[in-house]
2 protein chains.
Amino acid sequence: MDESEFLAGYDPRAYPAVAVTVDVVALTIRGGALHVLLVQRGEQPYAGLWALPGGFIRPGEDLPEAAARELDEETGLTGRVHIEQLASYGAPERDPRMRIVSISYLAFAPDLPDPRAGSDAADAAWHRVDRLPKLAFDHERILGHGLERARDKLEYTPLATAFAGERFTISELRAVYETVWGVPLHAGNFHRKILSVPGFVESTGETTESGGARGGPRAKLYRAGDARLLHPALLRPSREEEIR
Amino acid sequence: MDESEFLAGYDPRAYPAVAVTVDVVALTIRGGALHVLLVQRGEQPYAGLWALPGGFIRPGEDLPEAAARELDEETGLTGRVHIEQLASYGAPERDPRMRIVSISYLAFAPDLPDPRAGSDAADAAWHRVDRLPKLAFDHERILGHGLERARDKLEYTPLATAFAGERFTISELRAVYETVWGVPLHAGNFHRKILSVPGFVESTGETTESGGARGGPRAKLYRAGDARLLHPALLRPSREEEIR
DNA sequence: CTAATAGTGTCTGTAAGACAATATTTT
DNA sequence: AAAATATTGTCTTACAGACACTATTAG
């Protein structure tokens, strides 16, 4: 078949169906480590392996809607979760059953209770991103892109507050950055920096009930401010490797 | 139908097919103005309106491959063009014929010859992005996202060099920034800044054959360097509106 | 010659990062 | 009391932006 035939007479319904799924990279911080939500596959292919939660889009359902539904099915979570589109994947052989194009979404949540398993998954659980089991399909790659995106967005958006609770201390916010970036940050400089960025956090006037577990004064409590972008941004400590 | 039925027995082949297309936001700079490649639709729906070039993915074809093919069909361009995934759109009613999920790609090219029309398009042409005709489907929104992405990426990647030719002067590079951002930049400060960012440009040792059209010395010629990220970044002049 | 442009020098304000200091709290 | 932590202060360096200046070329 040559090009003009394709262009003139191409009818998608004449070809094997393409299925569209959404997959969700849901991140949270538990016990000082970054975790991702995974479900254990109950069926072939890749039965027994872990995978990102996801599934087919339904008739009449928009993509973000489908992503929110899939996340809700695993976590019981409805509001409270920041969710955004990540990327799409459509390599012909990425699913051995049929042609599947997957739209991935990235979600950030504060520390959450353990997920409940959906009925199509043998199990669902949070996994530390630095101790991952083998993942099904190309989900390792998708997760990698999600982590990259999350690290980038901490720099120039107030995303870090989505990992913290409703009210938080500057130290808790610093812990988010240290966990996601994997580097220690200077407490004093970080503190001053956060307060100097307009709209990043706003004071609640309250303080913690008690000092830190191992001593120290009570910390002031803040809530997320109204900034959508951080200016100036919080730049990650230099990453020479990533520049070239 | 309740949730457990869906989860247990959902079979995508039992539903009306979903079609997957790629759409390309191809940007170039011509005559000091940012242009996007559009094709005029020959068929319903939206016959006569302009649209982003795109089409159905083919069996066995990966997504970036499909995007490159669609672009090639309109421009005859093969290499030389930077192309990257932009976003995906899948609102149920975005195409009146059937459920179509579209993966959009963003392409940047140096000044190009006029496109040739593909046989499924009445016409294809570069349009100034500030003087657009009415666009079909949700292509105005997709283009908007593409422009946003392009403006952002100029800040922290060497993308601007993709709009310039193989060899270029600092002034030409500045013109790219001024065109895409829509703001005038200070020539002297810009010049020093570009040369101070490691790996952004490298000298060719050559100069232009003659000075500028209206006078001035010959300019040194540079080529793109090996940096993948600009550090420090070239920040856009303050955009208070976009912060909150 | 005049105007325009390439490229460099200088100065100022802002902000990042190193480091120190103080106050408050837990054990 | 000792250790840990919150918060603030000081100093140095890097860098963005304003502005000035010189050299070179077209017309």
Side-chain angles (χ1 to χ4, degrees), chain A residues 32 154-156 164 167-178 181 183-201 203-222 227 229-240 243, chain B residues 32 154-156 164 167-178 181 183-198 200-201 203-222 229-240 243:
Chain A
L154 282 199
E155 287 195 313
Y156 57 93
R167 300 176 310 154
F168 50 84
T169 67
I170 302 289
S171 290
E172 284 165 358
L173 198 60
R174 177 164 47 86
V176 171
Y177 276 91
E178 291 179 330
W181 285 351
V183 296
L185 299 174
H186 186 282
N189 290 338
F190 182 86
H191 196 107
R192 183 161 4 92
K193 170 69 188 180
I194 297 302
L195 297 183
S196 76
V197 176
F200 193 177
V201 300
S203 175
T204 64
E206 303 163 308
T207 65
T208 50
E209 291 297 322
S210 58
R214 282 168 294 185
R218 296 174 184 191
K220 292 179 185 163
L221 284 166
Y222 298 84
L229 293 175
L230 304 185
H231 185 77
L234 277 97
L235 297 179
R236 246 184 295 186
S238 60
R239 306 161 277 154
E240 286 302 329
I243 293 178
Chain B
L154 283 199
E155 288 194 309
Y156 58 93
R167 300 177 310 155
F168 50 85
T169 67
I170 301 290
S171 290
E172 285 165 357
L173 198 60
R174 177 162 50 85
V176 170
Y177 276 91
E178 291 179 330
W181 285 350
V183 295
L185 299 175
H186 185 283
N189 289 340
F190 182 87
H191 196 108
R192 183 160 6 92
K193 170 71 187 177
I194 296 302
L195 297 183
S196 77
V197 176
F200 193 177
V201 300
S203 176
T204 65
E206 303 164 308
T207 66
T208 51
E209 290 297 323
S210 59
R214 283 168 295 187
R218 299 175 181 189
K220 291 179 185 164
L221 285 166
Y222 297 84
L229 294 174
L230 304 184
H231 186 76
L234 278 96
L235 297 179
R236 247 185 293 186
S238 60
R239 306 161 276 155
E240 286 301 328
I243 293 178

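Any value given below was found using the heavy atoms of this structure, including those in side chains, with hydrogens, waters and symmetry copies removed. Numbers restart at 1 for each chain; the letters A, B, ... are given by sequence-line order, proteins then strands.
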Taken to the nearest 0.5 Å, the spacing of B:F168 CZ from B:T208 OG1 works out to 14.0 Å
Separation of D:dG17 atom P from B:I194 atom CD1, nearest Å, is 12 Å
*So what does A:T169 hit on the nucleic acid, given a heavy-atom distance under 4.0 Å: a base, only sugar-phosphate, or nothing?*
nothing
B:H191 NE2 to C:dT5 P, in whole Å, measures 15 Å
To the nearest angstrom, the CG-C1' distance between A:N189 and D:dT8 comes to 11 Å
Correct closest heavy-atom pair for B:Y177 and B:L230 would be OH-CD1, 3.9 Å
Checking all strands, does B:G215 fall into the base, sugar-phosphate, or nothing category for heavy-atom contacts under 4.0 angstrom? base
Checklist entry - With a non-hydrogen cut-off below 4.0 angstrom, is B:A213 in contact with a base, only sugar-phosphate, or nothing? => result sugar-phosphate
B:L185 CG to C:dT5 C1', in whole Å, measures 16 Å
task: Record whether the side chain of A:R192 comes under 3.5 Å of the base of D:dG9 through a donor-acceptor pair of N or O atoms.
output: yes
The answer to which of B:A219 and A:E209 contacts DNA chain C further toward the 5' end, by nearest nucleotide, is B:A219
Please check: side-chain N/O of A:K220 versus main-chain N/O of A:T204, any donor-acceptor pairing under 3.5 Å? no
Atom CG of B:L230 and atom C1' of D:dC15 are separated, to the nearest Å, by 15 Å
For nucleotides 12-14 of chain C, tabulate all protein N/O to nucleotide N/O atom pairs closer than 3.5 Å, reporting atom names and distance.
none

- Under the side chain to side chain contact (heavy atoms under 4.5 Å, CB included) rule, what do A:F200 and A:L234 come out as? Steps first, then yes or no, please. CA-CA 11 Å; A:F200 193 177; A:L234 277 97; 3.8 Å; yes
Would you say B:R174 places a side-chain N or O within less than 4.0 Å of OP1 or OP2 belonging to C:dA6?
yes
- [ ] Under 4.0 Å between any heavy atoms, over every strand shown, what does B:S210 touch: base, sugar-phosphate, or nothing? Just pick one.
- [x] sugar-phosphate
B:L221 CG to C:dA6 P, in whole Å, measures 12 Å
message = Below the 4.0 Å mark, does D:dT5 have OP1 or OP2 next to a side-chain nitrogen or oxygen of A:R214?
response = yes
What contact category does A:S196 fall into here, base, sugar-phosphate, or nothing, at under 4.0 angstrom with non-hydrogen atoms? nothing
What one should report as the nearest heavy-atom pair of B:P232 and B:V197 is O-CG2, 3.7 Å
note: A:L173, atom CG; D:dT7, atom C1'; distance rounded to Å ~ 15 Å
Looking at D:dA16, I'd like to know if its phosphate oxygens (OP1 or OP2) sit under 4.0 Å from a side-chain N or O belonging to B:K193. yes
d(A:I170 CD1, A:E172 CD) to nearest 0.5 Å is 10.0 Å
From CZ of B:R218 across to P of C:dA4 the rounded distance in Å is 21 Å
So the salt bridge (Lys or Arg N to Asp or Glu O under 4.0 Å) pairs with at least one residue in residues 205-219 of chain B (sequence neighbours excluded) are B:R167-B:E206
Smallest heavy-atom separation, B:L221 atom then B:T207 atom, equals CD1-O, 3.5 Å
